[in-house]
**Student:** 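The following block contains the structure, expressed as structure tokens.
Here the structure is a predicted model, which means the values were calculated and not measured.
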Amino acid sequence: MGSSSVFALSLPSFHFAPSPQNPLNTFHTNTSKTRKTPLTLVSSTDDSSSPSLFHKSLPLAASALILLSSNPAKAGFLSGSSGIESVPGPKLPQIEFLERFNEENQKKYAENDARFKSSPLLNKLLEKSKLNKEKNKLEIQDKYCLRGAEWGVGDCSAEGMTAEEKDSFISMLKQKTGVKQ
């Protein structure tokens with residue numbers, strides 16, 4: 001028997017009475033927006049209410065015992081098994097005609113892939129893509145440089161320049177990036 005049930009059963013002369021703030025003895029969670037309302041313990045002096053009090057406090061003691069001594073949930077009795085995917089299927093009959101057909105197709109696909117990868121058109125497109133990537137990277141850097149010069153921040157800041165130098169620098173950056181002036 002846990003300590004919570006001993007505590008609940010050792011106080012049979014106390015019972016919960018409605019408080020002015022909480023007449024129904026409802027439980028409120030303790031969050032930042034709600035306030036936990038305390039329950040009022042009232043002492044009972046007459047012995048006639050003791051048996052019914054015991055019956056009333058028994059569910060509370062059982063609930064506290066369950067809450068305080070509960071174990072974490074288990075995944076189930078099949079949680080340790082590897083599953084049906086790991087079980088090998090039955091050996092299927094091998095058909096020679098289909099095996100030969102598959103081998104021929106695999107050779108044909110390998111030849112076509114090799115021919116495609118060595119084609120001059122593909123090599124030309126890959127080279128063009130590489131050059132475009134570098135060009136786009138430089139354009140983006142220039143746009144960020146222009147923005148930094150206009151705002152006066154970053155590596156392209158025109159902070160130490162005179163007004164004429166700053167205007168000529170920004171106009172050169174705008175011309176380089178293609179931004180209309």
**Student:** Hey, what else clusters with Phe116 if you join Ile, Leu, Val, Met, Phe, Trp, Tyr whenever side-chain heavy atoms sit under 4.5 Å?
**Tutor:** Leu122, Leu126

**Student:** Under 4.5 Å between any side-chain heavy atoms of Asn123 and Glu127, yes or no?
**Tutor:** no

**Student:** Can you confirm whether Gln141 sits close enough to Tyr144 that some side-chain heavy atom of one is under 4.5 Å from a side-chain heavy atom of the other?
**Tutor:** no

**Student:** Go through the steps to decide whether Lys166 and Ile170 satisfy the test side chain to side chain contact (heavy atoms under 4.5 Å, CB included), and finish with yes or no.
**Tutor:** CA-CA 6 Å; Lys166 182 178 179 181; Ile170 290 176; 4.0 Å; yes

**Student:** Assess whether atom CG of Asn132 is packed by more than 12 heavy atoms of other residues, nucleotides or ligands within 6.0 Å.
**Tutor:** yes

**Student:** Let me confirm one number: the NZ-NZ distance from Lys128 to Lys135, rounded to the nearest 0.5 Å.
**Tutor:** 9.5 Å

**Student:** Below 4.5 Å, heavy atoms only, C-beta onward: do Thr177 and Glu139 meet side chain to side chain?
**Tutor:** no

**Student:** In Å, rounded to the nearest 0.5 Å, how long is the span from CG of Leu146 to CE of Met172?
**Tutor:** 9.5 Å

**Student:** Is Leu173 close to Asp142 at the side-chain level, that is, under 4.5 Å between some pair of heavy atoms?
**Tutor:** no

**Student:** Rounded to the nearest 0.5 Å, how far does CG of Asp167 lie from OG of Ser171?
**Tutor:** 7.5 Å

**Student:** With side chains defined as the heavy atoms from C-beta onward, is the minimum distance between Glu134 and Leu138 less than 4.5 Å?
**Tutor:** no

**Student:** Give me the atom names and distance for the closest heavy-atom approach of Phe169 to Ala158.
**Tutor:** CD2-CB, 4.4 Å

**Student:** So, the side chain of Ser118 versus the backbone of Ala114: is there a donor-acceptor pair under 3.5 Å, distance only?
**Tutor:** yes

**Student:** Does this structure show an ion pair linking Glu103 with Lys108, if we count only N-O contacts that are shorter than 4.0 Å?
**Tutor:** no

**Student:** Under a 3.5 Å distance rule, please check whether Asn102 uses its side chain to pair with a backbone N or O of Leu98 as donor and acceptor.
**Tutor:** no

**Student:** If you measure from CE on Met161 to OG on Ser168, what distance do you get to the nearest 0.5 Å?
**Tutor:** 7.5 Å

**Student:** Is atom CD of Glu159 surrounded by more than 12 heavy atoms (other residues, nucleotides or ligands) closer than 6.0 Å?
**Tutor:** no

**Student:** What residues form a salt bridge (charged side-chain N to carboxylate O under 4.0 Å, His left out) with Glu165, not counting sequence neighbours?
**Tutor:** none

**Student:** Tell me, do Lys176 and Lys143 make a side-chain contact under 4.5 Å, heavy atoms counted?
**Tutor:** no

